[in-house]
There are 2 protein chains.
Amino acid sequence: MREPTEAGPDAAAGRGRAALVEGGVEFDDRDAALLRAVDATGSVAGAASDLGRSRSRALSRIETLEGAYGTLVERRRGGEGGGGSRLAASGRSLLDRYDRLQAVLAATAAVPETVLDGTVTAVDGELAVVDTAVGELSGLHGGDGDGADGGAESGWSGGIATGDAVQVRIGADAVTVNDAATAVDPDATSARNRLDGRVSRIDPGETVSTVRIAVGAAEGSDDAPDPDTEVVALITAESVDRLDLAPDDPVSIRWKATATRLVALAE
Amino acid sequence: MREPTEAGPDAAAGRGRAALVEGGVEFDDRDAALLRAVDATGSVAGAASDLGRSRSRALSRIETLEGAYGTLVERRRGGEGGGGSRLAASGRSLLDRYDRLQAVLAATAAVPETVLDGTVTAVDGELAVVDTAVGELSGLHGGDGDGADGGAESGWSGGIATGDAVQVRIGADAVTVNDAATAVDPDATSARNRLDGRVSRIDPGETVSTVRIAVGAAEGSDDAPDPDTEVVALITAESVDRLDLAPDDPVSIRWKATATRLVALAE
DNA sequence: CTTCGTTGTATCAGCATAGAGACAACGATA
DNA sequence: TATCGTTGTCTCTATGCTGATACAACGAAG
């Protein structure tokens, strides 16, 4: 399938790679391709031949995977056509799970993000409050107990304590833009982080637009705007039209604390 | 090396592993640990010694990484202490970027998700409308041109066409819960997907609660509820209190189309 | 000038993973 | 019963990565 894209130098520029891990065994894109080929050809031998890989390794790889993920391929030897292999239901759902992970990763790579530096002022369980240039924001940090880090000894610490310097990451797909005039009762929604600002720029896309909202730290002074802090929001072009958004329009943005990730700064 | 952590059966159960990719070179957790050790010890030799890795490999690995990511470590030979190495600013920002990716991946693994099956009814650029059991939902699919897949020959197709069977993935951290009574003007917000339902269950957490909202397909019949389709929302415990949520309460939920991912079903 | 510990560079051996190939076992079908 | 192509299992070989080791180059400090 899929033409030789792997050679392209910037084919995966700035992107990432993700794999499922279970029982110490990684489920790779190679493994996904193998399962798909088994599903397509109806046999492990045919799959290996299609992919240009050796049959013995393909089979032993499947056995390794099944040792960690359970039955993936129903193999039958002898019989019609000499036997064959079918993708088991659990194998299919594993593929779906892998695809979802891949989609999420592609999304986080494709969707802009806002990163603010701040200092932790309070920690309450998984939730923490961070003081930033635009005020106090609340978000989640990864320290759910201990097993939060997948890496072995990467040294990455999801744990966060009061006073720590952290990055506040807000995905542009999590930010909701509201008309400033139509104030929403803050008690009626579960979106807790709320800021007022002005549209500073709109990058129109085919169907999705990127809206940058300048959120000045100072609230009273109009002649001393802080152009430094901008929050990015990803909005459908239809919503841009419906809200009639244009540069310099006052807007109110909000996003959920549970959609905000806190990351400890290196050093 | 690599102490026997891989034996832990559920150490990384259900989790994933992510790495940055640029120019065909992966930035691993091993690489992150290496850069951190360089930063800590002030020399590549010391870092390799700390990690129990060979110095020559560590150095050549850094050179490989720098070939793809640019200068990461400022090395100096001779002089005070015989020389040494410092983590460059770009190396530090790369580490931060890696940590953000890691945090996002950990988040998607830790945060519940709602997965609905559906059929694509319309495609408009990156946006698509899907017909599901709970009505029409709109979301993004990964087919931004062609270079969307990081994997080489995984066969994963982000492309979507009308009539395709897809999974609709909604992260629980993207769903906003509103009081049903306080209706929000649908024209005043950029959140396009909107459903009415009833709270079916609340799993209280320390500071974050998981709320399940039953979204029946039939709207008029009360005695024939569809217990099958539930949407999960991740809400801070404070918001649960503020909205006074309890099982069987009518609520209105909404989430952005740009926070909804469409994934082609395997087969 | 000497000392020092580091950065550069090269070579060698060990190990894990890959493919290549061979052969027996299997069981429905003709 | 013979045929067929697959699964299951084995051995051999090649390749790439890793660690181990050695040695020259470097430049500030003493």
Side-chain angles (χ1 to χ4, degrees), chain A residues 6 19 24-35 37-68 71-88 91 152-153, chain B residues 1-7 19 24-35 37-68 71-88 91 152-153:
Chain A
E6 76 274 6
V25 179
E26 273 192 31
F27 186 84
D28 218 343
D29 54 344
R30 270 174 74 91
D31 300 320
L34 180 58
L35 288 197
V38 168
D39 191 34
T41 64
S43 76
V44 177
S49 166
D50 264 24
L51 297 177
R53 300 168 57 178
S54 76
R55 187 181 66 87
S56 53
R57 280 295 142 189
L59 199 54
S60 74
R61 179 60 185 168
I62 289 180
E63 283 172 350
T64 301
L65 289 175
E66 290 188 324
T71 303
L72 299 177
V73 173
E74 286 167 1
R75 289 165 290 173
R76 192 186 68 243
R77 85 172 151 179
E80 180 178 4
S85 297
R86 284 194 321 123
L87 194 57
E153 67 269 306
Chain B
M1 283 334 78
R2 194 167 279 275
E3 43 336 287
T5 49
E6 75 271 9
V25 179
E26 275 192 30
F27 187 83
D28 217 345
D29 54 343
R30 272 174 72 93
D31 300 319
L34 180 57
L35 289 198
V38 168
D39 191 34
T41 64
S43 75
V44 177
S49 165
D50 265 23
L51 297 176
R53 299 169 58 179
S54 77
R55 185 182 68 88
S56 54
R57 279 299 140 188
L59 199 54
S60 73
R61 180 60 185 167
I62 288 179
E63 283 172 351
T64 301
L65 290 174
E66 290 189 325
T71 303
L72 298 177
V73 173
E74 287 166 1
R75 291 164 289 174
R76 194 186 66 242
R77 85 171 152 180
E80 180 179 5
S85 298
R86 282 191 325 121
L87 194 57
E153 68 270 307

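Naming convention: chains lettered A, B, ... in sequence-line order (proteins, then strands); numbering from 1 in each chain.
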Of all residues at least two apart in sequence or in a different chain, which pass the side chain to side chain donor-acceptor pair (under 3.5 Å) check with Glu63(A)?
none
Partner residues of Arg57(A) under the side chain to side chain contact (heavy atoms under 4.5 Å, CB included) criterion, sequence neighbours left out:
Ser54(A), Ser60(A)
With the side chain of Leu59(A) defined as its heavy atoms from C-beta on, choose the nearest nucleotide among dG8(D), dT9(C), dT6(D).
dG8(D)
Assign each of Ala58(A) and Gly42(B) the nucleotide of DNA chain C bearing its closest heavy atom; nearer the 5' end lies the nucleotide of Gly42(B)
dC17(D) P sits how many Å from Glu26(B) CD, rounded?
12 Å
Rounded distance in Å - CZ (Arg76(B)) to P (dC4(C))
19 Å
Could you pull out all residues at least two apart from Arg61(A) that satisfy side chain to side chain donor-acceptor pair (under 3.5 Å)?
Asp31(A)
Gap between atoms CD and P, on Glu63(A) and dT17(C) respectively (whole Å):
15 Å
For the pair Leu51(B) and Leu34(B), evaluate side-chain contact (heavy atoms from CB on, under 4.5 Å) and give the outcome as yes or no after the intermediate values.
CA-CA 8 Å; Leu51(B) 297 176; Leu34(B) 180 57; 4.1 Å; yes
Please name all residues satisfying side chain to side chain donor-acceptor pair (under 3.5 Å) with Arg77(A), sequence neighbours left out, ordered by chain then number.
none
Can you tell me how far P of dT18(D) sits from CG of Leu34(B), to the nearest Å?
12 Å
Please state how far atom CZ in Arg86(A) lies from atom P in dT6(D), giving the value in whole angstrom units.
17 Å
Contact state string [nucleotides 20-30 of chain D, B base, S sugar-phosphate only, - no protein heavy atom under 4.0 Å]:
BBB--BBBS--
Let me know the distance between CG of Asp28(B) and P of dC17(D), rounded to the nearest Å.
13 Å
What residues form a side chain to side chain donor-acceptor pair (under 3.5 Å) with Arg55(B), not counting sequence neighbours?
none
